[in-house]
Amino acid sequence: MDKTDTPAKRSKPGKRPTISDVARLAGVAPAIVSRALSPQRRPVSAEKKERVLKAADELGYRQNPLARGLATQSIDLVAIIINHMTDLSDLDLFDSLLDGVQMLGKQAIMIRVGSNQRIDEFLRNSLSYHVHAAVVFSDFADAGEVRELFHSDNVLMLNGRFDAQSHYITIDEDSGIRDLIRFARSRGVSSAALLTGRSSSIVEQTRIAAYRSACAIEGIEIQREISGDYSYQSGLEADFGAATPDAVFCTSDTMAMGVMDQLRAQGKHPPRDYSLFGFDAIERGNFGAYDISSVGFDRADFIQAILSFLQEPEAFPETGLCIPTRYIARSTG
DNA sequence: CCAACCGATACCTTAGCGTT
DNA sequence: AACGCTAAGGTATCGGTTGG
């Protein structure tokens, strides 16, 4: 009697079939099934491979990624580390990114760091996967930290905190902001308020510096710099003082929406009474009532760059990638 | 008798090695 | 080259033991 056909080893009815079930049906050892189904070229005769494929199909066998990860110490899991997902522009971006990751046959795990400054402790307690790769949006993490935490060298930094060993994509915000300020000046803007996000972030610091420098070059006076937090609420509550400036520059579209509603309540409408500029260029179709002039980059290019990294990290340019931004004219400018 | 603790085992797959 | 056996990987759970 075939010793692999003991009742004890047969999986329970209703349970998802395992590699052993396939092996039993195909009349081969489990290791042969593993090889036959492996994407790598491993020695299996054509005849047995065929039997395995037929048996797997018949049973509806699906590989168990967790068990596979247990055996290989790696898993086709991509960790995406974000601060939070409250900004409207995040929805577009992450939806497309998750779609792309899944199209590559990988799964994504999103880790929300929130405002937790102690990312190290946070991640250590929440996760010990050896992931295939990590994509870092959150600016609370630096490259070395992430490599260590996820036991992976495939770390893509999108937050500016990369080091010599890491892969990174940066967004050239300067180009789009200069376009925007130049445009504003051409429309007669001479003074403005700047509503910023969390200024502890490196990306935000760079962004703020770009606004200041472009305004200085074009001769626009930043009368007021207001510290917000990217949220609609912080736009709604931003204090512009007695006189509304010619223009309001916001470092996120969501804050610009808040500003628009705040000033609308005072009977002021852009672009008639002031010019309003956001940042991120959220999909206009989703928020028709807020057709805010903005700075943005090509999301498809950005996503494609991330996916190319996930597909072949070794081939990713060592010098990193830079995605340019541009001014996107809509109706509030 | 019960709680606390500890070691053994099951889970599933694959890498590595020895055999045919 | 093809094949099959075995160990290993991390964690939850089970079962047994110990101490109070």
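Every chain is numbered from 1, with letters handed out A, B, ... down the list of sequences.
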> Is a donor from one side chain sitting under 3.5 angstrom from an acceptor on the other, for A:Asp253 and A:Ser294?
yes
> When you measure from the side-chain N and O atoms of A:Ser45 to the phosphate of C:dC3, is any distance below 4.0 Å, counting only OP1 and OP2?
yes
> Using whole Å, what does the distance between atom C1' of nucleotide B:dC11 and atom CG of A:Asp21 come to?
13 Å
> Whole angstrom is fine here: how far is it from CD1 in A:Ile19 over to P in C:dT6?
17 Å
> Classify the angle between the aromatic ring planes of A:Tyr168 and A:Phe162 as parallel (below 30°), tilted (30 to 60°) or perpendicular (above 60°).
parallel
> C:dC3 phosphate, OP1 or OP2: any side-chain N/O from A:Lys48 under 4.0 angstrom?
yes
> Shorter than 3.5 Å, N or O on both sides, protein versus nucleotides 16-18 of chain B: list them out with atom names.
residue	atom	partner	partner atom	Å
B:dG16	O6	A:Arg35	NH2	3.2

> Is the count of non-hydrogen atoms from other residues, nucleotides or ligands lying under 6.0 Å from A:Arg224 atom CZ greater than 12?
yes
> A:Glu314: which residues meet the side-chain hydrogen bond (donor to acceptor under 3.5 Å, both in side chains) condition with it, sequence neighbours left out?
none
> Tell me if the CD atom of A:Glu47 is crowded by more than 12 foreign heavy atoms within 6.0 Å.
yes
> Is A:Arg68 close enough to B:dC12 that one of its side-chain N or O atoms is under 4.0 Å from OP1 or OP2 there?
no
> A:Tyr61 has an atom OH; how far is it from atom P of B:dT13, in whole Å?
4 Å
> Looking at every strand, decide which applies to A:Val44 at a 4.0 Å heavy-atom threshold: base, sugar-phosphate, or nothing.
sugar-phosphate
> Rounded to the nearest Å, what distance is computed from the CG atom of residue A:Asn64 to the C1' atom of nucleotide C:dT11?
14 Å
> A:Ile32 has a side chain; which of C:dG4, B:dT14, B:dT13 sits nearest to it?
C:dG4
> Can you establish whether the number of heavy atoms outside A:Arg264 located under 6.0 Å from its atom CZ is more than 12?
yes
> Students often get this wrong, so: under 4.0 angstrom with heavy atoms, is A:Ala29 touching a base, only sugar-phosphate, or nothing?
sugar-phosphate
> Out of C:dC5, C:dA1, B:dT13, which nucleotide sits closest to the side chain of A:Pro43?
C:dA1
> Return the angle between end axes of the helix from B:dC1-C:dG20 to B:dT20-C:dA1, with five pairs used per end and rounding to 10°.
40°
> So, applying side chain to side chain contact (heavy atoms under 4.5 Å, CB included) with A:Leu263, which one of A:Leu276, A:Thr244, A:Asp273, A:Leu236 is it?
A:Thr244
> Assess whether atom NZ of A:Lys54 is packed by more than 12 heavy atoms of other residues, nucleotides or ligands within 6.0 Å.
no
> Given ring pair (Phe, Tyr, Trp, His ring centres under 6.0 Å), test A:Phe279 with A:Phe249 step by step and report yes or no.
CA-CA 8 Å; A:Phe279 197 102; A:Phe249 301 125; over 10 Å; no
